[in-house]
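Order of appearance sets the numbers: ligands from 1, and atoms from 1 within every ligand.
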Amino acid sequence: MKASEVLDNLKRRFPNEPEYHQAVSEVLATIEEAYNEHPEFEKSNLIERLCIPDRIFSFRVTWMDDKGQIQTNMGYRIQHNNAIGPYKGGVRFHASVNLSILKFLAFEQTFKNSLTTLPMGGGKGGSDFSPRGKSNAEIMRFCQAFVLELWRHIGPDTDVPAGDIGVGGREVAYMYGMYKKLARENTGTFTGKGLEFGGSLVRPEATGYGNVYFLLQMLKTRGIELAGKTVCVSGSGNVAQYTVEKLISLGAKVVTMSDSDGYIYDPDGIDRAKLDYIMELKNLYRGRIREYAEQYGCKYVQGARPWGEKCDIAMPSATQNEINGEDAQKLLANGCFAVSEGANMPSTPEAIEAFLKAKILYAPGKAANAGGVSVSGLEMTQNAQKLSWSAEEVDQKLQSIMQNIHEQCVKYGQQPDGYVNYVKGANVAGFMKVAKAMMAQGIL
Ligand code: NDP
Ligand code: 2IT
């Protein structure tokens, strides 16, 4: 089957899964040339085998809320592809979670993990449970109920979950605690664990720091300094917080952050003390970003995203499809010359087209946000060795992985005029490794 036919076929067989179609469509459009150079791929129907997950588990999760009411949610785990290593990828708790979203994330994860240089396949899981407004006790009971079903499908050499939207250190700890009761082993089947029980230093920071390291590599290709540049960041969760932390430490000026209700614009820049306030607000009190504007007397815009504000660099770090074609035009009109994605698939196809047409530095999430899963991979290695490495050692490895991913993107994405199409580079590099591994292991 030709690459283009695969997408039509998937749309017909799996209708009503727009995010999944979007992720597959972007990859197929960029790998067609590489695919056509290998007729053996078509003979073994490789693309279709790579696009359809190996298996999907779905289950009911039943838990009791603080009022004594019995609640049900849906739980899922997608094991997408394990050609290069055990299934690996996060768990998302958000009201919007459905099969389309998890299939897109598991598909993307497979290519991202391939780029990390570490032996990890791709997977993703989650639930339509909304953590918003839930007590700590409710979060714990939900996590335990979720793992009561999930545990039989995961293991240190088969499938290793971690965090994503709505799942951070607190949730991973609750899930891991329950997992150990059931599985009776201590080999670290989750990553993003607490430091006292097998977690890795720098894992909380890794996605945000890694994105800034990738950005630095891109800026270097054009001889641009980061210090003094104005940056718009979206989101105010794990990825956004550590992106801002690293940006501030390198002398950039961050003027926006957001949550699902709106965004703040601070023309003076978010400094270390203000970021500490946000971390406490979001991680401890689970408050709203609006409160920052009240605290520091700056602008808050309800129900909007920050892309209309003037910046040099944009780092979307909230969720999928948060930059549409119109947002992209606004960014470009205001002089934005670099977009580096902390979130997964935050730009719509129209936005990506606009960035590539304008030939700005544009890094897709599967390259730029791979630092998180990379340090998860390093956490797995430390667990297997029953050792823990220093923060400097982990950070050094993270920096060299991000540099390596950047090199792969340049190798496969540089055009005759010198412009680096990081979308093509990341997709072709990620694809070739998984494709070769699948070919070598036979028709499965
Ligand atoms: P968090 O739950 O810590 O934070 C998510 C942030 O995004 C919050 O500010 C949240 O606002 C906002 N947000 C979530 N959903 C929406 C929505 N539908 N519309 C607008 N805003 C929204 O998650 P992370 O920081 O971990 O994840 C952010 C992104 O980064 C996701 O795309 C994730 O897949 C990706 N990612 C995460 C990695 C990780 O290691 N954690 C690794 C690689 C990528 P609110 O508080 O109002 O919900
Ligand atoms: O999207 C991602 O790469 C993550 N949420 C992190 C996955 C992981 O296994 O650390």
Do F93 and F142 make the cut of ring centroids closer than 6.0 angstrom?
yes
Ionic contact status for R290 with D261, cut-off 4.0 Å
no
Please produce the table of protein N or O atoms sitting under 3.5 Å from N or O atoms belonging to ligand 2, one pair a line, distance to 0.1 Å.
from, atom 1, to, atom 2, distance (Å)
ligand 2, 1 (O), Q109, OE1, 3.4
ligand 2, 1 (O), K112, NZ, 3.0
ligand 2, 1 (O), K124, NZ, 3.1
ligand 2, 1 (O), N344, ND2, 3.0
ligand 2, 3 (O), Q109, OE1, 3.4
ligand 2, 3 (O), Q109, NE2, 3.0
ligand 2, 3 (O), K112, NZ, 2.7
ligand 2, 5 (N), K124, NZ, 3.3
ligand 2, 5 (N), G163, O, 3.0
ligand 2, 5 (N), D164, OD1, 3.0
ligand 2, 9 (O), K88, NZ, 2.6
ligand 2, 10 (O), R203, NH2, 3.0
ligand 2, 10 (O), S376, OG, 2.6

Minimum heavy-atom distance A206-G371, with the two atoms named:
CB-O, 3.4 Å
Would you please name every residue forming a salt bridge (Lys or Arg N to Asp or Glu O under 4.0 Å) with R305, sequence neighbours left out?
D327
Under 4.0 Å between a Lys/Arg side-chain N and an Asp/Glu carboxylate O for E407 and K411?
no
Just jot down the ring pair (Phe, Tyr, Trp, His ring centres under 6.0 Å) partners of Y209, sequence neighbours excluded, or say none.
none
Ring pair (Phe, Tyr, Trp, His ring centres under 6.0 Å) between F14 and H21, intermediate numbers included
CA-CA 9 Å; F14 309 106; H21 302 159; 8.2 Å; no
Given E341, Q320, E26, E322, the one that forms side-chain hydrogen bond (donor to acceptor under 3.5 Å, both in side chains) with S347:
E341
So do W307 and C336 actually touch side chain to side chain, heavy atoms under 4.5 Å?
no
For ligand 1, protein residues within the heavy-atom limit of under 4.0 Å are R92, H94, K112, D164, I165, G166, R203, T207, G235, S236, G237, N238, V239, S258, D259, S260, K282, R288, S317, A318, T319, G342, A343, N344, N369
